[in-house]
S.K.: 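Mind having a look at this structure? Questions to follow.
Computed over heavy atoms, backbone and side chain alike; hydrogens, waters and symmetry mates excluded. Here is how names work: the chains are called A, B, and so on, in the same order as the sequence lines, proteins then strands, and each is numbered from 1. Keep in mind that what you see is a predicted model, and the values were worked out from it rather than measured.
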Amino acid sequence: MSKASQAGDVPAGSSPQVSAATLAAAAKMASPMTVGRFFTENAVVIIFLALTILAIPFSGLSVPYIIKEMTDRLGRNSFLVLALILPIFAGMGLNFGMTLGAMSGQIGLIFAIDWNVVGVQGLGFAALVGTPISVLMGYICGVVLNKAKGREMVTGYILAFFINGIYQFVVLYMMGSVIPMRSSAIVLSRGYGVRNTLNLDGVRQSLDNALQLNLGGFLIPCATFIVIALLCVFVIWFKKTKLGQDMRAVGHDMHVAEAAGIPVDRTRVIAIIISTVLACYGQIIFLQNMGNMATYNAHDQTSFFAVAALLVGGASVRKASIANVFIGVILLHVLFVVSPRAGQNLFGSAMIGEYFRQFIGYGVIALSLVLYAWRTRKEADRAREGLRGGSTTAGAAVAANAASPTSATGTEGAVK
Amino acid sequence: MSVKTVTPSASTGQIRPGPAIRRRRLAIRLGLVAVWFALIALLFVNGKGHVLLLDNQPMAGITPLAEGFMVSVDGGKPVSFSFGLDRDMAKVQGQSHRITVTGLPGGQTVSKDIQINLNDEMAILSIPKLVAGIEPAVTTFVPKNAVASPATEEPALPLSGPEAALPDGGLLSPVLPVP
């Protein structure tokens, strides 16, 4: 197995041979669900749940406060995390390139503030301005990722750094000089460049407040949840379309999909474009809830936290569902809320809790990737042993799959 | 009736759409671009924010209204013009607004629609003119001493050295923003 494959960065279709992931999927399909396997498959969720349950009493925070925070954060973050699903579906792993979409959304918001378009219309305006930029960014990202098949995640991550440089150049030097800016309130005193922090007063929580429901003392931002629900419906619907089925086929095995006449590269580019555009909208929803925007680094951690939330929810590099999104956002953010206070109460310093947040974010991504790689390798080994003459049903399943490599549906039931 | 055809490309072997399909695709794409521009324009006109100054100060030939009346913009919370208050402001969105003046002498209520110029960031509404029906009651507000306050400006970025390009002077925040 290649190093990249061990790191969990290889989609199933990247090798013409029967890949480790295909072997693992077949083995998983054949082996019964045991307690050990359940713990292995849900290790990240279980660890997070245990940490959260432990931290809540130490934090001293009341349950109503935590519920209120969760309601806010679900509305704020879910859209961004949902944007990650389609690239996973297309076998491209976790789209760290979603940062590009976040930058596009921020550019849209800068123009909305500059032109003083306020309220929900301001958000719509920002989304419309951000859409073509995010489509272009998504196209660039998709083309680059097609050149780096099998290393999509690390390529997306580095690409985000590169585009960040271009974003800084545009916002810091071109806005106000080449790109005309109307409002002196957002331009630096030297006459060009946008200020470090923008006050989004005009659009602050305009979507959240558009339709609010008071449920037992908790204010539910219904409009935001409706938008998120619509996106969930879109994702479910999209998976059933021709393009969605093409993505599924590409995600399972690129070579088989290509042989079946599916334009693999084009399908992958479309998956990334959709994800980038959704990330653009997600960032706008996120920032309208926050009420202000750190112009030069608000997007830095967008993909990082979205990926962490999805992984905490039980998703992996190859498999993600809508349920994973909501479980992940709730679990990650409960821990984010309680950890600083727990840190303060346990160690006498809130800073320890703050560092704990960062540790959790990076830790969960690393843990999830290591577990995924370990699990894939273990299951592939088990399946190979079956192939060598063992009598396991996994081996039989893999043998059947290997005998007809052109069958795109050979492992379809296993990887959903 | 146009004939939709697909022809295989000689070089790649891939199926290429015929001219009728290509024309239709182009028309759809141009239509989408037009819709995009139309939506931008619609949202800009409807969502443009203005500051509306509600004014009861004496003007040339206009006598201010007697104190004690209330002004409501678009059915919002009424502003009471009493205790010497002769000017207030309201943040509004869009161009058309309904102004309701209550508590006038004799219990009279006046309700009128006004239009704000799209380019006006700040407009001034003369309430005596509005009540008297004198046009134009809404005019562009031009501040007498329009001088930018230097105190509100941010320090300039370093213009040279390795930190010149960094917006926060090179000290990138080590603490993550709270998601």
Side-chain angles (χ1 to χ4, degrees), chain A residues 73 76-77 80 112 115-129 131-132 165 168-169 171-173 182-185 188-190 193-197 201-203 261 263 286 290 294-298 300-302 304-306 308-309 332-333 336 340 351 354-355 357-358 361, chain B residues 8-9 12-16 29 32-33 35-51 74 91-95 116 118-122 146-159 163-179:
Chain A
R73 284 160 186 259
R76 188 191 301 165
N77 294 285
L80 275 170
W115 290 35
N116 196 21
V117 188
V118 299
V120 179
Q121 285 93 332
L123 296 181
F125 185 87
L128 280 172
V129 171
T131 301
Q168 302 232 355
F169 173 69
V171 176
L172 193 56
Y173 290 103
R182 293 158 53 108
S183 170
S184 58
L188 288 167
S189 54
R190 63 185 182 188
V194 177
R195 287 175 190 271
N196 284 356
T197 308
D201 243 350
V203 294
F286 177 87
M290 300 292 279
T295 312
Y296 298 97
N297 46 25
D300 279 355
Q301 304 293 333
T302 303
F304 171 74
F305 282 116
L332 187 75
H333 286 277
F336 275 5
M351 279 311 289
E354 284 294 326
Y355 285 117
R357 282 174 192 245
Q358 201 163 350
Chain B
S9 163
T12 62
Q14 287 181 332
I15 293 172
R16 292 185 62 208
R29 284 170 189 174
L32 280 174
V33 172
V35 167
W36 183 81
F37 274 110
L39 276 174
I40 287 253
L42 184 75
L43 288 173
F44 178 68
V45 172
N46 284 325
K48 172 86 176 157
H50 305 272
V51 173
D74 295 328
K91 285 187 175 178
V92 294
Q93 184 183 341
Q95 287 182 276
I116 301 175
L118 189 62
N119 292 323
D120 287 351
E121 294 293 331
M122 202 179 257
V147 180
S149 166
T152 59
E153 292 181 344
E154 288 181 15
L157 296 175
L159 296 175
E163 295 167 351
L166 297 175
D168 53 359
L171 298 170
L172 291 174
S173 171
V175 181
L176 297 175
V178 180

S.K.: Side chain, backbone, both or neither: which part of A:Val171 has an atom under 4.5 Å from a heavy atom of chain B?
M.R.: neither
S.K.: So which heavy atom on B:His50 is nearest to which on A:Asn116, and how close?
M.R.: N-ND2, 4.3 Å
S.K.: Which heavy atom in B:Phe44 sits nearest to a heavy atom in A:Val117, and how many Å separate them?
M.R.: CD1-CG2, 3.6 Å
S.K.: Hey, which of B:Ile40, B:Leu42, B:Asn46 is the one that makes side-chain contact (heavy atoms from CB on, under 4.5 Å) with A:Phe125?
M.R.: B:Ile40
